[in-house]
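Only one structure is covered here, and it is reproduced in the block below.
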2 protein chains.
Amino acid sequence: MLSQKCKYAIRTILYLASKNEEGEKKDLKKISEALKIPTPYLGKILQELVPKKIISSIKGPNGGFFLTEQNLQLPVIKIIEAIDGLTLFEACGLGLHVCSDKHPCPIHNDFKVARDHLKNMFANKSIEELAKEINSKHFMLI
Amino acid sequence: MLSQKCKYAIRTILYLASKNEEGEKKDLKKISEALKIPTPYLGKILQELVPKKIISSIKGPNGGFFLTEQNLQLPVIKIIEAIDGLTLFEACGLGLHVCSDKHPCPIHNDFKVARDHLKNMFANKSIEELAKEINSKHFMLI
DNA sequence: AGAATTAAAGACCTTTTTATCTTTTATTTA
DNA sequence: TAAATAAAAGATAAAAAGGTCTTTAATTCT
Ligand code: FES
Ligand code: FES
């Protein structure tokens, strides 16, 4: 479904968002230990997200990764788009070269319903909204 | 979503099923050319499905791959189970070690709806039913 | 200024997935 | 029975995903 890379990214960002009281920064090691994600690999992933403006970072002592107000307003699908791209939400479930109503594979109609449901859920929820739900309800990140 | 291997397998089986007039056999090369799937790789995949009783085969001249009545009655999910396993329909969308209502990740509730929708569609439709729809409506396999 | 801290960058390694090629075995038909 | 056909089996290869390690650059604090 989502790649491992993408799932790590989402969990990290939701972790940062749900702890975002007072613009709190977290360094790589703290995040990777908290979420049980391999440290060097997570480093690679987060490095990729900074220039894409999905997350923010500051080097040096007391530096780390954090989310700005702008970062928090992004819908979750932007994380997926940055890492895996949007083909999951566009591609044919049986691997045909194109997916369209004019050229439907045998599972097209049902598949599209499930695929669109997934897409809408990721597109309609901002990182901040989801983080608030994590704090008010009892959702797990690990 | 589904692996390439699994998508190739499903398309091949639906192809065999939709041509299953008079227990027609198709040899590997014919299938791979009709569906534009790499021949040797498809051979490997079909080899795997024969002992698992998902498809049937006969060697020698006029041999090939085909579906018995029993094969045709299988739900499509059995193909997926044989190739990819069922983790797609059971695993957490964010990669948590377990997915359960007692230990939900932030997307659990919505994700489960989409995942179950997919699962039900594959579980509730037999290969034969789907093949009939291919023939009566105008669904594509390529 | 110098030491400490932390992200960035880049080279490397491992495993899994996808795909190819060659040889063997079973079956048919002439 | 011999030749032809087609799947089975197995060894190999290429590409992608997942993961590690080392060095460099930026920042802070003393
Ligand atoms: S054509 Fe296959 S899902 Fe749309
Ligand atoms: S716990 Fe994540 S989808 Fe169920």
Side-chain angles (χ1 to χ4, degrees), chain A residues 1-13 16 24-68 71 80 82-85 87-88 91 95, chain B residues 1-13 16 23-68 71 80 82-85 87-88 91 94-95:
Chain A
M1 188 75 79
L2 300 175
S3 69
Q4 184 69 293
K5 207 171 157 184
C6 194
K7 291 184 284 192
Y8 285 162
I10 295 173
R11 283 170 60 216
T12 297
I13 289 169
L16 290 174
E24 208 176 354
K25 274 166 263 163
K26 299 279 187 194
D27 67 76
L28 176 57
K29 206 165 177 196
K30 180 150 194 181
I31 301 168
S32 71
E33 278 168 5
L35 298 181
K36 306 233 168 85
I37 298 172
T39 311
Y41 190 37
L42 184 59
K44 269 294 162 82
I45 297 168
L46 298 186
Q47 252 175 62
E48 221 177 301
L49 294 171
V50 173
K52 289 180 181 170
K53 315 271 192 192
I54 311 285
I55 64 175
S56 306
S57 71
I58 288 185
K59 286 185 186 179
N62 298 314
F65 296 95
F66 64 99
L67 302 176
T68 62
N71 297 149
I80 298 172
I83 302 272
D84 285 349
T87 53
L88 172 64
Chain B
M1 187 76 81
L2 300 175
S3 69
Q4 185 69 295
K5 208 172 158 182
C6 194
K7 290 184 285 191
Y8 285 161
I10 294 173
R11 283 170 59 214
T12 296
I13 289 169
L16 290 174
E24 207 178 350
K25 275 167 261 163
K26 299 278 186 194
D27 66 75
L28 177 56
K29 205 162 177 197
K30 178 151 194 179
I31 301 168
S32 71
E33 278 168 6
L35 298 181
K36 305 232 169 89
I37 298 173
T39 311
Y41 189 38
L42 184 59
K44 270 291 155 88
I45 296 168
L46 298 185
Q47 251 176 62
E48 219 178 303
L49 293 171
V50 172
K52 289 180 180 169
K53 314 270 191 195
I54 311 284
I55 65 176
S56 305
S57 71
I58 287 184
K59 286 185 187 180
N62 299 315
F65 297 95
F66 63 100
L67 302 177
T68 63
N71 296 149
I80 299 172
I83 302 272
D84 286 349
T87 53
L88 172 65
L94 292 187

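Order of the sequence lines sets the chain letters (A, B, ...), proteins ahead of strands, with each chain counted from 1.
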Indicate yes or no for a side-chain donor-acceptor contact from B:D84 to the backbone of B:S3 under 3.5 Å, with no hydrogens or angles considered.
yes
For the side chain of B:D27, starting at C-beta, report the closest nucleotide among D:dA7, D:dG18, C:dA8.
D:dA7
Test your reading of the model: is there a side-chain donor-acceptor pair from A:K7 to the backbone of B:G95, 3.5 Å cut-off?
no
Within the 4.0 Å heavy-atom criterion, would you say A:K44 contacts the bases, only the backbone, or no part of the nucleic acid?
base
Give a yes or no on whether the backbone of A:K53 and the side-chain of A:N71 come within a donor-acceptor separation of less than 3.5 Å.
yes
Side chain of A:Q47 - closest among C:dA9, C:dT27, D:dG19
C:dA9
Which part of the nucleic acid, if any, lies within contact of A:Q4, taking any heavy atom under 4.0 Å across all strands shown: a base, the sugar-phosphate backbone alone, or nothing?
sugar-phosphate
Does B:S57 place a side-chain N or O at less than 4.0 Å from the phosphate oxygens OP1/OP2 of D:dA8?
yes
Quick one: label A:T39 by what it contacts on the DNA or RNA (base, sugar-phosphate, nothing), any heavy atom closer than 4.0 Å.
nothing
Output yes when at least one side-chain N/O atom of A:Y41 is less than 4.0 Å from OP1 or OP2 of D:dA17, else no.
no
Strictly below 4.0 Å: does B:N62 bring a side-chain N or O up to OP1 or OP2 of C:dT29?
yes
Determine the contact category for B:L46: base if any of its heavy atoms lies under 4.0 Å from a base atom, sugar-phosphate if only primed atoms, P, OP1 or OP2 are that close, otherwise nothing.
nothing
Out of C:dT20, C:dT27, C:dT6, whichever nucleotide has its closest atom nearest the side chain of B:K59:
C:dT27
Scan B:P40 against the nucleic acid and name what it touches under 4.0 Å (heavy atoms): base, sugar-phosphate only, or nothing.
base
Which part of the nucleic acid, if any, lies within reach of B:G43 when heavy atoms closer than 4.0 Å are counted: base, sugar-phosphate only, or nothing?
nothing
